[in-house]
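Both counts, for ligands and for their atoms, begin at 1 and track the order of listing. Source: prediction; values computed, not measured.
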Amino acid sequence: MTAPLVEVENLTRHFAAKRGLFTWAAPPIRAVEDVSFSIAPGEVMGLVGESGSGKSTIGRTLLRLVEPTRGTVRFRGDDIGTVPAGALRKLRRHMQIVFQDPYASLDPRKRVEDIIGDILDIHGLASGPQRRPRVVELLSEVGLGPDHLNRFPHQFSGGQRQRISIARALASNPDFIVADEPVSALDVSVQAQIVNLLADLRRRHGLTMLFVSHDLSIVEYLSDRVIVLYLGRIVELAPARELYARPRHPYTRALLSATPVPDPDAKRARIVLSGELPSPANPPSGCVFHTRCPHATDICKREVPRLEETSPGHTVACWRKDEI
Ligand code: ADP
Ligand code: MG
């Protein structure tokens, strides 16, 4: 087996509660709790969970845009938590992020040529007469033309803006991209185009990706493996096809039952979860999912289930996985 490109071990991130009355007594927000996984070179790992489950925090800690409270992240074997600032800057060239909202993440005062060209400058990748042709090349990679060079972000549609963000992420020739809900803010009709673009780019450049979404049906197409996250914890991790065909965790089953299936005869019975997503400042004891789980028993309330392998590469954290 080849060495992983990205290795995450026991990653935990707590945030202090927002300032206000009595914050000295407020428990921390447990955004990410003891998460471990690795991504092989060229692999796309899907990361799925409801809003607030810790997806963005994980994505950002991988690039050290957020510091972990505990745990390590290794990139090509280097612990990115301990590399000196200079080396981190060099490492950053190889890891990029595409955000959900391409409007907020693009400087409205810059023309496209500079939005992308500035990245080339920062990393010393193309200057002088080489700069513009390289920007044009990057634009064509994402389906835009040279006539777009002089335009500002507001002159583009949402889908086009996300293409610009992707071109900017590609500018430094990264090996690894965190795509943090890159299509969630787009019209449904445009979502598939951007997912297809990412799939093309991945094939052409052998990109490794963490593809984040709150929607299981969106990660299915692109991902080799998928992580299902609940309240900052991994509840299930499996090869994509296996996860969709044989989900083992009750939470994954509930999520899947809510996604449309193309074949109407294969309709899944809709599983409706009771109650609200608990607060990560006050997570339930034992299995954090027990308050919403239709199968919860006593042990689920008391003890945290560990991730265990149920078939090759398929791990599930559920006390009742063998009975349900
Ligand atoms: P997701 O991307 O899955 O929606 P996030 O990683 O953004 O989830 O957030 C996970 C939890 O951590 C949420 O409860 C969120 O409010 C909290 N959180 C995220 N960033 C911060 C921050 N900088 N300060 C305080 N709380 C935060
Ligand atoms: Mg998020």
**Prompt:** In the protein, how many N/O/S atoms are under 2.8 Å from the Mg ion (ligand 2)?
**Reply:** 1
**Asked** Which pair of non-hydrogen atoms, one from V288 and one from P283, has the smallest distance, and what is that distance?
**Response** CG1-CB, 4.0 Å
**Item:** side chain to side chain donor-acceptor pair (under 3.5 Å) partners of residues 229-242, not counting sequence neighbours, each pair once
**Value:** Y230-R292, E236-T252, E236-H314, E242-R246, E242-S311, E242-H314
**Fill in**
Applied to residues 90-100, the side chain to side chain donor-acceptor pair (under 3.5 Å) test, sequence neighbours excluded, yields Q96-S172
**Nearest heavy atoms of M95 and L62, plus distance in Å** = CE-O, 3.5 Å
**Item:** Shell of residues surrounding ligand 1, defined by a 4.0 angstrom heavy-atom cut-off that is strict
**Value:** F15, I29, A31, E50, S51, G52, S53, G54, K55, S56, T57, P280
**H205 versus E141, side-chain donor and acceptor atoms under 3.5 Å** = yes
**Message:** For a quick test of reading the model, state the closest non-hydrogen atom pair linking A171 to I119 and the distance between them.
**Reply:** CB-CG2, 3.8 Å
**Item:** Any donor-acceptor N or O pair under 3.5 Å, side chains Q162, S165
**Value:** yes
**Message:** I need the L65 CG to S56 OG distance, nearest 0.5 Å.
**Reply:** 11.0 Å
**Fill in**
For P250 and C318, the nearest pair of non-hydrogen atoms, with its separation, is CD-SG, 3.9 Å
